[in-house]
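Encoded as structure tokens, the structure appears first; notes follow it.
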Amino acid sequence: MDPSEQRIKIAVQKTGRLTDHSIDLLERCGLKMTKSKDQLICYGENMPIDLLLVRDDDIPGLVSEDVCDLGIVGLNMVEEKRLNREADGQPAQCKRVFQLDFGHCRLSLAGPEDTPYDGPKSLENTRIATSYVGLLNQYLKSNNITAEAVYFSGAVEIAPKLGRAEYICDLVSTGSTLKANGLVEKEVLLESEAVVIQTQKPLGEEKQALVDKILQRLDGVLQVRESKYIMLHAPKSALAQIRDLLPGSEAPTVLALDGSDDKVAVHAVCRENVFWETLENLKAAGASSLLVLPVEKMLA
Ligand code: PRP
Ligand code: ZN
């Protein structure tokens, strides 16, 4: 077998809103990489994993066609390509395995701020510019609306000014693109974020073991993002109340304090951020010597 076949290939967006986060995430999983001269591949140095840097439109296809084993891409793109494949009579060939909690955005319908809008029926017999023809048509169909999807590969927001469409259907994140173009959001079709997709083809034992390891590390990285390790001293009498105040923690460790009969030390991993308010409430409940530490790695 070709030795390169044994390496895991992960498709990642080359330039765009997901790129830095995706690479950062994989680095936090312990992957060290060098970029090829043409900037199209990142070769893993310490693990048999390579990243293919591609356009995000291509990622679901590359994973579906088994060119890549995994991909990191927006749910918007995964769903659009799934609908496109479905329309062509091809089955979906990749599965979603993970939500990554970054790259949050939404696919929305928007129109000029001076156009009166009275719910989805206002879209009847209009033209709607979009790169997401599949998702738009699905929305129109489920709302029984007849409207024309006008395909734009980019710069969708200028379509109304060009007189090519009355509305647009595009990704919105901060909303500044819409604002800059005098457009107002009318309907949200899909809430999206970055996800990991995997090929449905069986990978073989060795490769699957490596994929499982990466997914487990990704899970660890995501879990620690908000997690904090909290240490405090508590009067035994207030222990139950203090436990209840610890955000998102299971079974804290309770330790004896040298030379103290009425106080104990409490250590806990909190799966949510610990705010000043929480510390103040803990203190009011009788806790002292409070210490909050970031969690660097976690393996459940
Ligand atoms: C999307 C979308 C808008 C912009 C919206 O494009 O097409 O142009 O983001 O973001 P905002 O609400 O924060 O202004 P994207 O950056 O994904 O790139 P593309 O249009 O080149 O595909
Ligand atoms: Zn855009």
Side-chain angles (χ1 to χ4, degrees), residues 10-26 38-40 51-64 68 70-85 87 94 96 98-115 117 123 126-140 147-197:
I10 308 180
V12 171
Q13 189 182 32
K14 185 173 158 59
T15 37
R17 68 173 76 224
L18 302 182
T19 309
D20 290 349
H21 269 105
S22 304
I23 291 175
D24 177 60
L25 201 59
L26 291 163
D38 57 12
Q39 312 268 310
L40 295 177
L51 307 192
L52 264 64
L53 304 174
V54 296
R55 282 172 52 105
D56 65 343
D57 324 34
D58 292 331
I59 295 175
L62 287 168
V63 176
S64 294
C68 292
L70 296 173
I72 299 180
V73 65
L75 179 61
N76 52 294
M77 202 48 89
V78 177
E79 286 301 290
E80 175 64 18
K81 295 296 172 184
R82 182 179 64 77
L83 291 170
N84 296 165
R85 283 181 79 94
C94 60
R96 214 194 303 163
F98 235 96
Q99 277 169 235
L100 290 170
D101 199 24
F102 69 84
H104 289 274
C105 60
R106 51 200 184 270
L107 182 69
S108 291
L109 255 155
E113 50 200 1
D114 48 10
T115 307
Y117 183 80
L123 302 168
T126 61
R127 297 167 301 168
I128 307 170
T130 191
S131 313
Y132 294 87
V133 173
L135 284 163
L136 172 60
N137 280 332
Q138 176 181 258
Y139 170 83
L140 294 172
E148 185 192 348
V150 181
Y151 179 73
F152 269 63
S153 64
V156 178
E157 57 275 359
I158 62 166
K161 270 197 206 117
L162 296 177
R164 300 282 306 279
E166 285 71 41
Y167 291 93
I168 71 161
C169 170
D170 197 16
L171 295 182
V172 182
S173 168
T174 60
S176 55
T177 303
L178 290 186
K179 202 160 184 212
N181 288 280
L183 298 166
V184 180
E185 207 172 346
K186 308 290 188 190
E187 308 285 345
V188 176
L189 277 59
L190 178 81
E191 296 279 355
S192 180
E193 68 185 280
V195 296
V196 178
I197 52 173

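It should be emphasised that the depicted structure is a prediction, and the values quoted were computed from it without experimental measurement. Counting starts at 1 for both ligands and their atoms, following the listed order.
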>> Set out, in order, the CA-CA distance, both residues' side-chain angles and the distance that settles side-chain hydrogen bond (donor to acceptor under 3.5 Å, both in side chains) for Asn84 and Glu80, then state yes or no.
In response: CA-CA 6 Å; Asn84 296 165; Glu80 175 64 18; 3.1 Å; yes

> Can Arg106 and Glu191 be counted as an ion pair, charged N to O under 4.0 angstrom?
Replying inline: no

> Which ligand 1 atoms, with their elements, are less than 4.0 angstrom from a heavy-atom of Glu157?
Replying inline: 8 (O)

> Under 30°, 30 to 60°, or over 60°: which ring-plane class applies to His21 and Phe102, parallel, tilted or perpendicular?
Replying inline: parallel

>> Under a 3.5 Å cutoff, is there a donor and acceptor pairing between the side chains of Thr177 and Glu157?
In response: no

> What atoms of ligand 1 come within less than 4.0 Å of a heavy atom belonging to Val172?
Replying inline: 12 (O)

> Counting only heavy atoms, which portion of Asp170 has something under 4.0 Å from ligand 1: side chain, backbone, both, or neither?
Replying inline: side chain

> Does ligand 1 have any atom that is closer than 4.0 Å to a heavy atom of Leu171?
Replying inline: yes

> With atoms numbered from 1 as shown, which atoms in ligand 1 lie under 4.0 angstrom from a non-hydrogen atom of Gly175?
Replying inline: 11 (P), 12 (O), 13 (O)

>> Under a 4.0 angstrom heavy-atom cut-off, which atoms of ligand 1 come close to Thr174?
In response: 11 (P), 12 (O), 13 (O), 14 (O)

> With a 4.0 Å cut-off on heavy atoms, does Gly16 reach ligand 1?
Replying inline: no

> Is there a side-chain contact between Ile59 and Ile197, using heavy atoms and a 4.5 Å cut-off?
Replying inline: yes

> Is there side-chain contact between Tyr139 and Leu190, with heavy atoms separated by less than 4.5 Å?
Replying inline: no

